[in-house]
Amino acid sequence: MKEKVVTGITATGKLTLGNYIGAIKNMIKMQNEYDMYIFVADLHALTTYIDPKILKENKKNILALYLACGLDANKVTLFYQSDISAHSELNWLITTITNTGELSRMTQFKDKSQNIVKQENGTEMIPTGLFVYPALMAADIILYNPKYVPVGIDQKQHLELCQKLVKRMNKKYNLDFNEPRPIIPQLGAKIKSLQNPENKMSKSDKNENASIYLLDKPEVAYKKIQKAITDSENKIYISEDKPGVLNLLTIYASLKNINLEESERYFKDKDYKELKEEVGSVVKEFLEQLQEKYNKVLNSIDEIAKNGANKAREIANQNLLKIQKAFGIK
Ligand code: ATP
Ligand code: MG
């Protein structure tokens with residue numbers, strides 16, 4: 001039997017090149033070998049305010065982009081998180097074994113709650129949902145009892161908490177769920193913002209020039225790469241002290257399916273202008289091909305999500321019942 005794998009992407013915005021390189025590319029590599037449950041995390045998107053119309057659009061875009069990027073609905077199970085009510089039900093049970101101290105140590109909570117305070121001009125408006133996000137994420141995972149969870153580096157802390165919670169739940173309630181292990185890509189686990197290469201590229205970044213969106217017009221994406229922040233040295237080599245250059249070398253390597261050292265060798269005698277032109281062209285070509293496929297799959301996503309939910313629901317409900325019985329409510 002194939003090992004189970006679970007992963008998802010939050011419907012907070014339009015998918016970026018970071019989501020592709022750090023997450024989706026890995027899923028595609030794994031789809032032949034594993035029994036994969038891949039969802040669109042629409043419940044998680046509600047943890048900070050989002051316009052309902054935009055959320056609806058984001059959901060569909062992400063499902064279609066999963067397919068356009070190369071996930072095959074005959075091999076993996078694709079679904080919307082909110083179609084399976086077990087996610088919300090298990091979430092509650094998981095919050096009862098999660099300490100508030102553990103949640104307040106999560107760096108994503110600290111970062112995201114700080115942004116909210118800034119937006120609200122000093123008034124504190126931090127939703128409880130944002131605080132308990134990692135408990136819902138643990139529920140998302142536990143419902144399918146996977147061995148692995150492919151994620152980018154930013155999700156490592158949440159996954160470690162999930163492992164701890166599974167261990168605690170198993171011990172307290174005499175259960176035997178797997179402690180899921182992260183699979184983090186060797187290359188591109190943290191693609192950086194084009195405008196502030198110290199930070200990661202994020203789909204919820206307000207600065208449109210900071211991210212390449214997978215549905216950006218290819219020429220727009222090309223221009224964003226030309227505007228990417230680098231440094232003043234004009235020499236190309238791998239160094240953590242040159243995050244802007246390292247980011248462009250990483251994007252090039254990932255899209256060309258070569259390693260970082262090969263990418264460095266290729267650009268060794270070139271200058272920043274040539275680097276940006278070449279990376280821009282590769283990104284442009286990648287988006288052109290991707291968007292052609294995207295337009296073709298758009299009609300089929302409702303059917304695919306429905307079938308995926310039917311399959312996912314069966315497994316999720318079985319595991320939920322097992323946990324409900326162990327907790328004493330069934
Ligand atoms: P948000 O800003 O709303 O948190 P996000 O771009 O961080 O959005 P998530 O939905 O949180 O996206 O993450 C989806 C997946 O993409 C996760 O596996 C995450 O680790 C990965 N990921 C997100 N951003 C990057 C990035 N810049 N580089 C590599 N992987 C990334
Ligand atoms: Mg994120």
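Start at 1 and go down the list; that is how both ligands and their atoms are numbered. Just so you know, residue 1 is the first one in the sequence shown, and it goes up from there. Just so you know, these numbers use all the heavy atoms, side chains as well, and skip hydrogens, waters and symmetry mates.
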field: salt bridge (Lys or Arg N to Asp or Glu O under 4.0 Å) assessment of Lys200 paired with Asp205
entry: CA-CA 9 Å; Lys200 87 172 188 82; Asp205 196 321; over 6 Å; no
- request: Could you go through the ring-ring contact (aromatic ring centres under 6.0 Å, His included) check for Phe267 and Tyr237 one step at a time?
  value: CA-CA 8 Å; Phe267 286 109; Tyr237 57 96; over 10 Å; no
- request: Take Asp51 and Tyr49, measure what side chain to side chain donor-acceptor pair (under 3.5 Å) needs, and give me the verdict at the end.
  value: CA-CA 7 Å; Asp51 180 333; Tyr49 177 74; 4.9 Å; no
Check: residues 292-301 side-chain donor-acceptor pairs under 3.5 Å, at least two apart:
unit_1	atom_1	unit_2	atom_2	d
Tyr294	OH	Asn61	OD1	2.7
Asn295	ND2	Gln291	O	3.1
Ser300	OG	Val297	O	2.8

Run the side-chain donor-acceptor check on residues 321-330: report pairs under 3.5 Å with partners two or more places apart or on a different chain.
none

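Note on ligand 1: Ile9 sits in its first shell, one or more heavy atoms being nearer than 4.0 Å.
The protein heavy-atom contact nearest to atom 31 (C) of ligand 1 is Gly18 O, 3.6 Å. In this structure, the protein non-hydrogen atom closest to atom 28 (N) of ligand 1 is Ile191 N, 2.8 Å. Looking from atom 9 (P) of ligand 1 to the surrounding protein, the closest heavy atom is Lys203 NZ, 3.4 Å. Counting only heavy atoms of the protein, atom 20 (O) of ligand 1 lies nearest to Asp154 OD1, 2.5 Å. The protein heavy-atom contact nearest to atom 2 (O) of ligand 1 is Ser204 OG, 2.5 Å.
Less than 4.0 angstrom separates some heavy atom of Thr12 from each of these atoms of ligand 1: 1 (P), 3 (O), 8 (O). Atom numbering of ligand 1 starts at 1 in the shown order; those under 4.0 Å from a heavy atom of Lys112 are 1 (P), 2 (O), 3 (O), 4 (O). Under a 4.0 Å criterion applied to the non-hydrogen atoms of Gly188, ligand 1 contributes the atoms 29 (C).
Heavy-atom proximity to atom 25 (C) of ligand 1, evaluated over Lys25, Lys190, Lys14, Lys200, is greatest for Lys200. Ranked by closest heavy atom to atom 29 (C) of ligand 1, the top entry among Gly152, Pro182, Ala189, Gly13 is Ala189.
Of the polar atoms of Thr16, none of the N or O atoms is found under 3.5 Å from an N or O of ligand 1, judged by distance alone. Distances between N or O atoms of Ala23 and those of ligand 1 include no value under 3.5 Å. For ligand 1, the polar-atom distance check against Tyr133 finds no nitrogen or oxygen pair separated by under 3.5 Å. Some N or O of Met201 is nearer than 3.5 Å to an N or O of ligand 1, by distance alone. Looking at Asn19 next to ligand 1, an N or O pair under 3.5 Å apart turns up.
At a heavy-atom distance under 4.0 Å, atoms from both the backbone and the side chain of Val151 approach ligand 1. Residue-level proximity to ligand 1 for Ala41 is absent, since no heavy atom of it falls below 4.0 angstrom.
Residues Asn32 and Lys75 have side chains that bring a donor and an acceptor to within less than 3.5 angstrom of each other. Under the 3.5 Å distance criterion, with hydrogens and angles disregarded, a donor-acceptor pair is assigned to the side chains of Asp140 and Gln81. Using modelled atom types, one finds no donor on one side chain facing an acceptor on the other under 3.5 Å when comparing Tyr222 with Glu277. For Thr77 and Lys311, the side-chain atoms include at least one donor-acceptor pair closer than 3.5 Å.
Atom NZ of Lys29 sits about 12.0 Å away from atom OH of Tyr34, to the nearest 0.5 Å.
We find that Lys164 and Glu102 are joined by a salt bridge, their nearest charged nitrogen and carboxylate oxygen being less than 4.0 Å apart.
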